[in-house]
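Values reported hereafter were calculated over all heavy atoms of this structure, with side chains retained and with hydrogens, waters and symmetry mates removed.
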Amino acid sequence: MRDIDADTSAEVDSRVARLSPQLFSLLFQGCGTERYAEGQHLFMQEDLPDRLYGVVSGTVEISIYSPGGRKLVANIELVQSLVGEIGALDGQPRTATATCLSDCEVVSISRGQLFDRIEKNPPLARAMIELLCARLRWVSAELGDHALLKIEARLAKRLILLSGLLADKEGWIPISQSDLAEFLGATRESVNKTLNHWRSRSLIAIKRGGIRVSDRQALQDIADFEDD
């Protein structure tokens, strides 16, 4: 494998923690595409890790389950995102479940291949460190939001984020109110009440299985007010 410029190849998108296209290609060079249908799992929480996955197309949900079965959506991974890097790096059981929200194409490498490629290409090591730091910053911010912000501010922040990541050309975010509640660790009733209030104020639009942000600035003001 060829070396690459460390200044340009170690780029990591902190919002969704994904590698630059150049590094993604290097990490998964020679790997065949694997196809998963909507609803299939890449792995389950507590599984023993054997592979690191990279998303080529589609959307993957990362969820955490309590012993009683309660679900919290931790993140949504998009194209060029890595999935399962924690277990692949430390060899410990999976910390979450990875589920395909749509039909997905992924590539994957074994733990042995991962370490071999990191050793042969130092920019990959730097990028993996940056990616893990981005994940930690995301988790830290989420914990802070859960502890310090009311449901309105958390919901506003999440809708703004999802609108930028998942919205179609007409602005619709393909997510149900139940799924949104799981993303926030809130009850469906509290999310439904807030969304209906915002709809009455024309801040959002709602349809079955979808939400559209109509007034992004108003939602940003709600999030910023709670932060202040």
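Here the closest heavy-atom approach between residue Cys100 and residue Ala37 is recorded as CB-O, 3.7 Å. Of all heavy-atom pairs spanning Arg94 and Asp50, the tightest one is NH2-N, 3.9 Å. When every heavy atom of Glu152 is checked against every heavy atom of Ile222, the shortest pair comes out as O-CG2, 3.8 Å. Taking every heavy atom of both residues into account, Val55 and Gly58 meet most closely at CG1-O, 3.7 Å. Considering all non-hydrogen atoms of both residues, Cys31 and Ile109 come closest at SG-CG2, 3.4 Å.
By the 4.0 Å N-to-carboxylate-O rule, Glu130 lies close enough to Arg126 to be salt-bridged with it.
From Glu85, atom CD reaches atom CG of Asp90 across 10.0 Å, with rounding to the nearest 0.5 Å. Rounding to the nearest 0.5 Å places CG of Leu180 at 8.0 Å from CD1 of Ile173. From Thr95, atom OG1 reaches atom CD1 of Ile86 across 4.5 Å, with rounding to the nearest 0.5 Å. Between the CG atom of Leu195 and the CD1 atom of Ile204 there is a distance of 4.5 Å, given to the nearest 0.5 Å. Note: Asp116 CG to Ser110 OG = 9.0 Å, rounded to the nearest 0.5 Å.
Tracing side-chain contacts under 4.5 Å through hydrophobic residues (I, L, V, M, F, W, Y), one never reaches Leu42 starting from Leu82; they form parts of separate clusters. Using a 4.5 Å cut-off between side-chain heavy atoms of Ile, Leu, Val, Met, Phe, Trp and Tyr, with links allowed through other members, Leu26 and Leu52 fall into the same hydrophobic cluster. Clustering ILVMFWY residues whenever any of their side-chain heavy atoms sit less than 4.5 angstrom apart, transitively, puts Leu143 in the very cluster that holds Ile151. Hydrophobic clustering places Leu219 together with Leu162 (ILVMFWY residues linked when any side-chain heavy atoms are closer than 4.5 Å, directly or through intermediates). Placement of Leu23 and Val79 in two distinct hydrophobic clusters is found when ILVMFWY residues are connected by side-chain heavy-atom separations under 4.5 Å, directly or transitively.
With hydrogens and angles ignored, the 3.5 Å screen pairs a side-chain donor or acceptor of Gln80 with a backbone N or O of Leu19. For the pair Asp103 (side chain) and Glu38 (backbone), a donor-acceptor distance under 3.5 Å is present. Listed for the Arg117 side chain is a donor-acceptor partner under 3.5 Å among the backbone atoms of Leu27.
Under a cut-off of 6.0 angstrom, the local environment of CZ in Arg188 is crowded, with over 12 non-hydrogen atoms contributed by other residues, nucleotides or ligands.
In this structure, the side-chain contact (heavy atoms from CB on, under 4.5 Å) partners of Cys133, at least two apart in sequence or on a different chain, are Ile129. Not counting sequence neighbours, the partners of Asn196 by the side chain to side chain donor-acceptor pair (under 3.5 Å) test are Asn192, Arg199. Under the rule for a side chain to side chain donor-acceptor pair (under 3.5 Å), the partners of Thr187 that lie at least two apart in sequence or sit in another chain are Ser190. With sequence neighbours excluded, no residue forms a side-chain contact (heavy atoms from CB on, under 4.5 Å) with Ala147. Scanning for side chain to side chain donor-acceptor pair (under 3.5 Å) contacts around Arg35 gives Glu105, with sequence neighbours left out. Remark: Glu170 pairs with Asp168, Trp172 by the side-chain contact (heavy atoms from CB on, under 4.5 Å) rule, at least two apart or across chains. With sequence neighbours excluded, the residues that form a side-chain contact (heavy atoms from CB on, under 4.5 Å) with Thr59 are Ile76, Leu78, Leu101, Ser102, Leu166. For Ser108, the side chain to side chain donor-acceptor pair (under 3.5 Å) partners at least two apart in sequence or on another chain are Glu34, Arg51. With sequence neighbours excluded, the residues that form a salt bridge (charged side-chain N to carboxylate O under 4.0 Å, His left out) with Arg158 are Glu142.
The only option from Lys157, Lys150, Arg154 that meets the salt bridge (charged side-chain N to carboxylate O under 4.0 Å, His left out) definition with Asp145 turns out to be Lys157.
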Full working for side-chain contact (heavy atoms from CB on, under 4.5 Å) between Trp198 and Leu155
CA-CA 11 Å; Trp198 288 350; Leu155 181 54; 3.6 Å; yes
Step-by-step side-chain contact (heavy atoms from CB on, under 4.5 Å) determination, Ser81 to Val60
CA-CA 9 Å; Ser81 293; Val60 178; over 6 Å; no
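Using the six-membered ring where Trp is involved, Tyr53 and Tyr36 have ring planes that are perpendicular, over 60° apart on the 30 and 60° scheme.
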Side chains of residues 62-74: which donor-acceptor partners sit under 3.5 Å, not counting sequence neighbours?
residue: Ser63; atom: OG; partner: Glu61; partner atom: OE2; Å: 2.7
residue: Ser66; atom: OG; partner: Gly68; partner atom: N; Å: 3.3
residue: Ser66; atom: OG; partner: Gly69; partner atom: N; Å: 3.3
residue: Ser66; atom: OG; partner: Arg70; partner atom: N; Å: 2.9
residue: Arg70; atom: NH2; partner: Gly185; partner atom: O; Å: 3.4
residue: Lys71; atom: NZ; partner: Glu61; partner atom: OE2; Å: 2.9
residue: Lys71; atom: NZ; partner: Glu182; partner atom: OE1; Å: 3.4

Side chains of residues 206-215: which donor-acceptor pairs under 3.5 Å do they make with residues two or more places apart or in other chains?
residue: Asp215; atom: OD1; partner: Gln217; partner atom: N; Å: 3.4
residue: Asp215; atom: OD1; partner: Ala218; partner atom: N; Å: 3.0

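Connectivity analysis of hydrophobic side chains (ILVMFWY, heavy atoms under 4.5 Å, direct or indirect) links Leu136 to nothing; its cluster partners are none.
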